[in-house]
Amino acid sequence: MKNHKTIILSNQEIAPGYYRMRILAPEYQQLATPGQFVMFRVQHTFLPLLRRPFGIFRVGFMPADCDAMPEKEFIEIIYKVVGSGTEIMQELHQGDRIELLGPLGRGFETGDPAEEKILVGGGIGLVPLYMLAEKLVQTSKVRLLMGGRTRDDIITVTEFERLGVETYVSTEDGSLGEQGLVTSVLEQKLAAQPKAAVFACGPMPMIDAVQKICAGYSTSLQVSLEALMACGVGACLGCVVKGAGHSDAEPRYLCSCKQGPVFRAEQLDWSRLEQQDSVCGGCD
Amino acid sequence: MKNHKTIILSNQEIAPGYYRMRILAPEYQQLATPGQFVMFRVQHTFLPLLRRPFGIFRVGFMPADCDAMPEKEFIEIIYKVVGSGTEIMQELHQGDRIELLGPLGRGFETGDPAEEKILVGGGIGLVPLYMLAEKLVQTSKVRLLMGGRTRDDIITVTEFERLGVETYVSTEDGSLGEQGLVTSVLEQKLAAQPKAAVFACGPMPMIDAVQKICAGYSTSLQVSLEALMACGVGACLGCVVKGAGHSDAEPRYLCSCKQGPVFRAEQLDWSRLEQQDSVCGGCD
Amino acid sequence: MAEQTEVVSKRPQMAVEIAGIKLKNPVMPASGTFGYGEEYAPYLDLNQLGAIVTKGLSLKPKAGNNTPRICETVSGMLNAIGLQNVGIDAFIADKMPFLQQIDAPVIVNFFGNTQEEYAEVAARLDDLPGVAGLEMNISCPNVKQGGIVFGTEARAAQDVVSLVRKRTDKPLIVKLSPNVTDIRVLARAVEDAGADAISLINTLTGMAVDVKTRKPRLANTIGGLSGPAIRPVAVRLVHQVVQAVKLPVIGIGGIARAIDALEFLIVGATAVQVGTANFVDPNAMQTVIDGLEEFCQNEGIADINELIGSLKQ
Amino acid sequence: MAEQTEVVSKRPQMAVEIAGIKLKNPVMPASGTFGYGEEYAPYLDLNQLGAIVTKGLSLKPKAGNNTPRICETVSGMLNAIGLQNVGIDAFIADKMPFLQQIDAPVIVNFFGNTQEEYAEVAARLDDLPGVAGLEMNISCPNVKQGGIVFGTEARAAQDVVSLVRKRTDKPLIVKLSPNVTDIRVLARAVEDAGADAISLINTLTGMAVDVKTRKPRLANTIGGLSGPAIRPVAVRLVHQVVQAVKLPVIGIGGIARAIDALEFLIVGATAVQVGTANFVDPNAMQTVIDGLEEFCQNEGIADINELIGSLKQ
Ligand SMILES: Cc1cc2nc3c(=O)[nH]c(=O)nc-3n(C[C@H](O)[C@H](O)[C@H](O)COP(=O)(O)OP(=O)(O)OC[C@H]3O[C@@H](n4cnc5c(N)ncnc54)[C@H](O)[C@@H]3O)c2cc1C
Ligand SMILES: Cc1cc2nc3c(=O)[nH]c(=O)nc-3n(C[C@H](O)[C@H](O)[C@H](O)COP(=O)(O)OP(=O)(O)OC[C@H]3O[C@@H](n4cnc5c(N)ncnc54)[C@H](O)[C@@H]3O)c2cc1C
Ligand SMILES: Cc1cc2nc3c(=O)[nH]c(=O)nc-3n(C[C@H](O)[C@H](O)[C@H](O)COP(=O)(O)O)c2cc1C
Ligand SMILES: Cc1cc2nc3c(=O)[nH]c(=O)nc-3n(C[C@H](O)[C@H](O)[C@H](O)COP(=O)(O)O)c2cc1C
Ligand code: FES
Ligand code: FES
């Protein structure tokens, strides 16, 4: 957990509106665990004011090269351009100086190696699952169910395949893989193998459907949630979600940035979580 | 007077902290007169909020080239990096899109061709004098007295020489030309030739000293003033200066952006103009 | 599909009406940021505006404050122009002839230092042809009552508006100051006094210091904060006033883009004014108008009036 | 030359004192933006701070508002956290042990929904070791008086501060709301009631709308605006309060850099709090402290107290 003043190593569009950014990030190889995130400061001015949270896609290093450059530890993030901050991010170049706070939050628990692992990713929700897959493939069978609206939303799937992950792609418009929702694929898989462990990240309606399906099969589930965040470190209490047993009289809020962003399904109050869908797009 | 959504053609450091920017500017060749300025929008966001005023250094055009690019009309501005806006400007590149409002304001009157013309420039105050010199050399003898703190503040003097202007350089630290203030050079020249017409632009203390000297010899003087501006078009009344005969009971304010930035010395209330020195550096 | 195409291609109805003044669209300039209209004529087709609102006018010409009068802040600006204006005689002689040619209603913003001055200006404007309505700026210190600002005290606001009401039959818009504990009290006071509409907000009082010279950045020490920085405060105040009174409301404060204007319309403003944004982009109002139309088209809104007050809780 | 070198190399005296609390330097966090200190311990040496100010504390644990609770605005943010906190028992058990190890005075921010609750929390904190002072947030609705905010009505403010004053001998800082017509009236009321210092500003009330869903962006509809956008309003209010009372003042609002803090010190604040900027840069306070020291050094100021109230007109 550090605030690095660091630089961008590369920043490339990998699908329409999706960018992959590599950032010099000392110590992350040692510190970061799957499911954690960073708070990225987009500009040195006050517009946009707040840092943006992004899952860590991958941690790596570039070997020392012939220019006598030293070995470089880096992280990669993958982001979708949706608003004021990401619009500026897409214009950033190699060598631009930025600030990076992280690694933050609690990531995924890997659980029993004997269990089959099913990763469910919706669009950009795929991001935090890659590092997890890297770890899980060492001990377990891993499948990835990846869904998106169109084929443009299906990113980096081949990289999962290279890890030895069995991948299933579905798109709502049928432009890639099966036509339909990723949750119907999950339904099929669990019908065949309910003893799997499921890890999901994606839009709230998807997460919600995944939870209902897993609950039906009593399958263990961990989800990574997106909440609005100001600080990322547990100080502002802006990012809370309602925990299991929450009521107005006895509120049980959990901090997404510190106690999450990954939660075991049992930790959460699913009857109220739909409201989380109101992740607001910011005012500007 | 147009608001052009246009692009930067080049942006280069010409002396430590001084940049020369060439901007695609259709119609300026026809419209712009010496001493006019533009309001430059630095970013598309609201930080910095206001446009920055800059004198037009030069109007020109690039001939149609072998790439079958059409002829390009452009203007050049020269700016010194002093605060939040110019700090961002120095990072702009060829091809970056910007907005340009202009040409604005009232420029210099050229007067009687028989008179010798003396241009007095202090540091960045040189900028609006170049287009004026281009025009004046066609009919009159023109001298440029150029002053700065150090040699780094003496810019584009050779370009004036190329026009056939006789130039005299002085720096406060003696690092280039004579050591001393540009106003002592003026004093000498006017002692020899009081029938000249003087045109001055520079820091307020210089302008003030120039006015005193010219008044002493009854020499005609035009000055270009820098005032804080929000709109640049006469709407906000932020940029006013006190006119001759101004009193609290009978105020006579002149709009720097519309009735200026160039004024004949007789138009102004010199007893109060010192206060204009309080051109505020902005809050951020 | 056929139906959708139809919705998309039909241009939405953009006209609104406020206090009997018919506007082509709900967008007009904020007083003091658009001069007398002619300053912006080279950059913008004035006939496309919902209305034109002129710089604050007083009975006699007014000098305004010493300089510096303006200062940039983070996403905003401070001004202490001090209501410099040509006075009503010069306004009628020099400014009105141009304004009378414009095919948009002209709203004249005015103020006074005493109740009588307010009443006097209103009376003079009452029978002036080409004036569609009056906007009364009550954010001025009442010289007779020791400098308390008319617009921060309900009693003073009610008295001065009542007096003005008696002297004019023109639509009377009262413009409120945001620098008060409870804006609803002020809004109700001016409603009771006979205003036809309310506009808000005027600037937030602010100050900035040059840390090198240790002097205030404005000669007047204190000035008015405007621009995008203040928008959330303005939206909140408009929301509160809309709920407190029956009068139509004009929303002002930090509007630079269509989505900014939409916030005000959705909380219940019938029209909006664009201020500081005119300085940033002389074409800002046209951009707002076009953006509003596009938004209605995309969202299948046939008449912009459907949007007004459509806030969901 | 010899003399100048000496001035430059000597480190300026940075300590200030407020209501008997000795601070290494005038910089501390604003309540609610720094948790209970430990959240920022990985990023910042807490021992370097002038003081630590904790999240608003109430007698019982408080749930806070529904989400969304925060929303970014132009150079600012809105929050409606709803004063969620662990309550005084958990604070003493879980948070104080960490705070007691820090070599910086701990100021506990607190509030209540009734006068009695305020008094009760103050009394509980009065004999708690390691608490250097109390900061009383009076920007809360008074549930007994139909929801009027303690901090917007002089009488209510004076009553609740008087009551608290009787229950604690600790230095008592009262934190004012900016959402009032005349801050000086409030400042004098809390001075008369026995406060030892005043801090301001709390957030400006604001609102934002999601134009797509037409819902307020905050579940609570209305929230508090903070960040660089509000700084000019804060500087103005601190300026006014410093002139109205004899108490020392802590300046708050949009401070992110040393030059921001300097504006407040120059108008007369004895210390400053950094709020929203902590979210933007967890190291913001260290940057402010270093920048203040550098400024003093460059300007030849031997003691930062020379700067306080040094505004020239
Ligand atoms: C733990 C976590 C991990 C994330 N990982 C990724 C990722 O790997 N790739 C990716 O593309 N996106 C990710 N997101 C979402 C990402 O943070 C938002 O898309 C981004 O902040 C939008 O910024 P903007 O300025 O472009 O949008 P704006 O709409 O202008 O943002 C305005 C404000 O709303 C916030 N905001 C907007 N959308 C979201 C959102 N979906 N979630 C949280 N805050 C939001 C912004 O942070 C900002 O404060 C993650 C979010 C969280 C909480
Ligand atoms: C008619 C005119 C012509 C000018 N021509 C030139 C030129 O050719 N080259 C050049 O380098 N500079 C010129 N200036 C000054 C130039 O406008 C400022 O240096 C520039 O605005 C500083 O912007 P900033 O954001 O870097 O500084 P900041 O200090 O961050 O600016 C904050 C605010 O103060 C204003 N401001 C700051 N300094 C000045 C100043 N000296 N005059 C007017 N406003 C100021 C800015 O416009 C902005 O609104 C001219 C000014 C005027 C009025
Ligand atoms: C330079 C300037 C001058 C102004 N003059 C007046 C005025 O004469 N009368 C008035 O009622 N409001 C005046 N205002 C206030 C604006 O009309 C408007 O209420 C305020 O600026 C908020 O809107 P904005 O954020 O869009 O600028 C002025 C504002 C500025 C910036
Ligand atoms: C997320 C958040 C939570 C806050 N919580 C409290 C609080 O519990 N008690 C309090 O007195 N002020 C609270 N404040 C107000 C701040 O302490 C401060 O007065 C305000 O944010 C202005 O300062 P800034 O612009 O530096 O943020 C909170 C502000 C924010 C942004
Ligand atoms: S983002 Fe601030 S507490 Fe989680
Ligand atoms: S800059 Fe607005 S009137 Fe001159």
Side-chain angles (χ1 to χ4, degrees), chain C residues 71 73-78 148-149 152-153 177-182 186 204-217 221-225 227-240 254 256 258-267 295 299 307 310-313, chain D residues 71 73-78 148-149 152-153 177-182 186 204-217 221-225 227-240 254 256 258-267 295 299 307 310-313:
Chain C
C71 159
T73 67
V74 180
S75 296
M77 68 177 280
L78 287 168
I148 90 128
V149 173
T152 58
E153 219 273 299
S177 158
N179 304 296
V180 297
T181 306
D182 190 346
L186 273 299
L204 285 170
T205 316
M207 171 180 180
V209 177
D210 182 328
V211 302
K212 283 276 179 187
T213 62
R214 301 199 206 159
K215 285 194 202 160
R217 288 202 184 267
T221 304
I222 277 175
L225 185 66
I230 70 168
R231 200 173 67 240
V233 176
V235 172
R236 185 262 299 182
L237 288 163
V238 169
H239 175 66
Q240 290 181 321
I259 56 163
D260 307 337
L262 282 164
E263 289 195 67
F264 288 90
L265 297 177
I266 291 170
V267 302
F295 181 87
E299 303 280 314
L307 267 174
S310 63
L311 186 73
K312 295 177 192 160
Q313 287 290 358
Chain D
C71 158
T73 67
V74 181
S75 297
M77 67 176 280
L78 287 167
I148 90 127
V149 174
T152 58
E153 218 274 298
S177 158
N179 304 297
V180 297
T181 305
D182 190 346
L186 273 299
L204 285 170
T205 315
M207 173 179 178
V209 177
D210 182 328
V211 302
K212 282 277 178 186
T213 62
R214 300 196 208 162
K215 284 192 203 162
R217 289 203 183 267
T221 302
I222 277 176
L225 184 65
I230 69 168
R231 200 174 67 239
V233 177
V235 172
R236 185 262 300 180
L237 288 163
V238 169
H239 175 67
Q240 290 183 319
I259 56 163
D260 307 337
L262 282 163
E263 289 197 65
F264 288 89
L265 297 177
I266 291 170
V267 301
F295 181 86
E299 302 281 313
L307 268 174
S310 63
L311 185 74
K312 294 176 194 161
Q313 285 292 358

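We name chains A, B, ... by the order of the sequence lines, and we start the count at 1 in each one.
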Practice problem: Tell me, out of Pro232(C), Ala229(C), Ser177(C), Ser75(C), who's got the most heavy-atom pairs with chain D below 4.5 Å. | Solution: Pro232(C)
Quiz item: What residue in Thr205(D), Val180(D), Thr213(D) has the most heavy-atom pairs under 4.5 Å with chain C?
Solution: Thr205(D)
Practice problem: With a 4.5 angstrom heavy-atom cut-off, could you sort out which part of Phe295(D) is near chain C: side chain, backbone, both or neither? | Solution: side chain
Self-check item: Pairs of heavy atoms under 4.5 Å with chain C: top-ranked of Lys212(D), Gln313(D), Lys312(D)
Solution: Lys312(D)
Quiz item: Who wins among Leu265(D), Leu237(D), Val233(D) for the most heavy-atom pairs under 4.5 Å with chain C?
Solution: Val233(D)
Quiz item: Yes or no on side-chain contact (heavy atoms from CB on, under 4.5 Å) for Arg214(D) and Leu307(C), after CA distance, side-chain angles and deciding distance?
Solution: CA-CA 9 Å; Arg214(D) 300 196 208 162; Leu307(C) 267 174; 3.6 Å; yes
Quiz prompt | Steps toward side-chain contact (heavy atoms from CB on, under 4.5 Å) verdict (Met207(C), Leu311(D)) | solution = CA-CA 12 Å; Met207(C) 171 180 180; Leu311(D) 185 74; 3.9 Å; yes
Self-check item: Gap between atom CZ of Arg236(D) and atom OG1 of Thr221(C) - 0.5 Å precision
Solution: 13.0 Å
Quiz item: Can you tell me how far the CG atom of Leu225(C) sits from the CG atom of Leu204(D), to the nearest 0.5 Å?
Solution: 9.5 Å
Quiz item: If you measure from OG1 on Thr73(D) to CD1 on Ile230(C), what distance do you get to the nearest 0.5 Å?
Solution: 12.0 Å
Quiz item: Non-hydrogen atoms of chain C under 4.5 Å away: do they reach the side chain of Leu262(D), the backbone, both or neither?
Solution: both
Quiz item: Can you name the one residue among Thr181(D), Asp182(D), Thr152(D) that meets side-chain hydrogen bond (donor to acceptor under 3.5 Å, both in side chains) with Thr181(C)?
Solution: Thr181(D)
